[in-house]
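Below is one structure, written out as structure tokens, with a few remarks after it.
Hydrogens, waters and symmetry mates are skipped; everything else that's a heavy atom, side chains included, is used.
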Amino acid sequence: LSLKFGDIGNLKGLVIRFLLTTSYYQLSVQNWFSLHRLQLLYNHSVQATFNATRIHAPATYSYHCDHVSSLQRYDALLIPSSANDLSQLWEVTFIDFQIQGFNIQEGHFAYAKDCASFFSPAILMGLVMSLILLLVLAYALHMLIHLKSLDRHYECKASPAYFAQMKDNDMGDEKEPLRNSGNESYELRNKQFGKIYI
């Protein structure tokens, strides 16, 4: 696939050539195309060659990326083919890049496979923040359940005063009748049987 710009300033016959390949992958059960190499030609000779990495899509799709560049700040999808040629002197950047080499219908791009991965830094940061919030929520629920069980514990401990029941045969020795008007009351002599739980 060639883009011909003609003469631009001192560049005579500038051409950007995209070498595309297609291959069948059994795992996905379909053909995929890949941008294999990019060449810059002017003055009727190849001046720079870049190997393309990770630029591929199903053959029925197009490929789209915000930046396809040889610069590291744009993730460098274009890599100079050799350290000895003139490719090191060139910096190539395509903005809002979209390409489709095969199965083009009515001159329009097909559905685009975007270069943004499913685990971009923004998505990873969102997942980490969600995990932190879930941990905080789980800790808060754990503390609420723990406080509720403490309340039940204190309710048991704070029950009214309780006196242990005594056998009837010992009651004669342990109780003394109190003289009262018509009603019979008793007073405990031995204080060790009176137990209070608080």
Next on the checklist: Could you see if I95 belongs to whatever hydrophobic cluster contains I99? Use Ile, Leu, Val, Met, Phe, Trp, Tyr and a side-chain cutoff under 4.5 Å.
Outcome noted: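 As far as the 4.5 Å side-chain criterion goes, I99 and I95 are not connected within one cluster.
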
Checklist entry - Under a single-linkage definition using a 4.5 Å side-chain heavy-atom cutoff for Ile, Leu, Val, Met, Phe, Trp and Tyr, are L3 and F102 assigned to the same hydrophobic cluster? => result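 Same cluster: L3 reaches F102 through Ile, Leu, Val, Met, Phe, Trp or Tyr contacts under 4.5 Å.
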
Listed partners of [X] passing side chain to side chain donor-acceptor pair (under 3.5 Å), at least two apart:
X    : result
T22  : none
T49  : none
S62  : Q98
S130 : none

So do [Y] and [X] actually touch side chain to side chain, heavy atoms under 4.5 Å?
X   : Y    : answer
V29 : Y24  : yes
L78 : W90  : no
T60 : Y111 : no
F94 : L38  : yes

Mind checking what makes side-chain contact (heavy atoms from CB on, under 4.5 Å) contact with [X], not counting sequence neighbours?
X    : result
A59  : N31, N103
Y139 : M143
L19  : R17, R37, Q39

Report the distance from atom [atom1] of [X] to atom [atom2] of [Y], rounding to the nearest 0.5 Å.
X    : Y    : atom1 : atom2 : answer
I132 : L137 : CD1   : CG    : 14.0 Å
Q100 : Y63  : CD    : OH    : 14.0 Å
F33  : L1   : CZ    : CG    : 10.0 Å
L20  : H56  : CG    : NE2   : 13.0 Å
L77  : L71  : CG    : CG    : 11.0 Å
S87  : I79  : OG    : CD1   : 11.5 Å

Item to check | Hydrophobic cluster partners of Y25 (side-chain heavy atoms under 4.5 Å) | outcome: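 Via sub-4.5 Å side-chain contacts, Y25 links to W32.
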
Checklist entry - Linking Ile, Leu, Val, Met, Phe, Trp and Tyr by side-chain heavy atoms under 4.5 Å, what else ends up with V15? => result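 Answer for V15: L41, V46.
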
Checklist entry - Does atom CZ of F50 have more than 12 heavy-atom neighbours, drawn from other residues, nucleotides or ligands, at distances under 6.0 Å? => result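 Above 12, so yes.
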
Next on the checklist: Listing request: all disulfide bond (SG atoms under 2.5 Å apart) pairs with a residue in residues 83-112, at least two apart in sequence or in separate chains.
Outcome noted: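 Applying disulfide bond (SG atoms under 2.5 Å apart) to every pair that reaches into residues 83-112, excluding sequence neighbours, yields nothing.
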
Item to check | disulfide bond (SG atoms under 2.5 Å apart) contacts in which one or both residues fall within residues 75-110, not counting sequence neighbours | outcome: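 Sorted result for residues 75-110: empty, none.
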
Next on the checklist: Considering only residues two or more places apart or on different chains, which pairs with a residue in residues 65-78 satisfy side-chain hydrogen bond (donor to acceptor under 3.5 Å, both in side chains)?
Outcome noted: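 The answer is R54-D75, S69-T93.
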
Next on the checklist: On a heavy-atom basis, which atom in Q47 and which in Y42 lie closest, and how many Å separate them?
Outcome noted: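 For Q47 and Y42, the tightest heavy-atom pair comes out as CG-CE2, 2.9 Å.
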
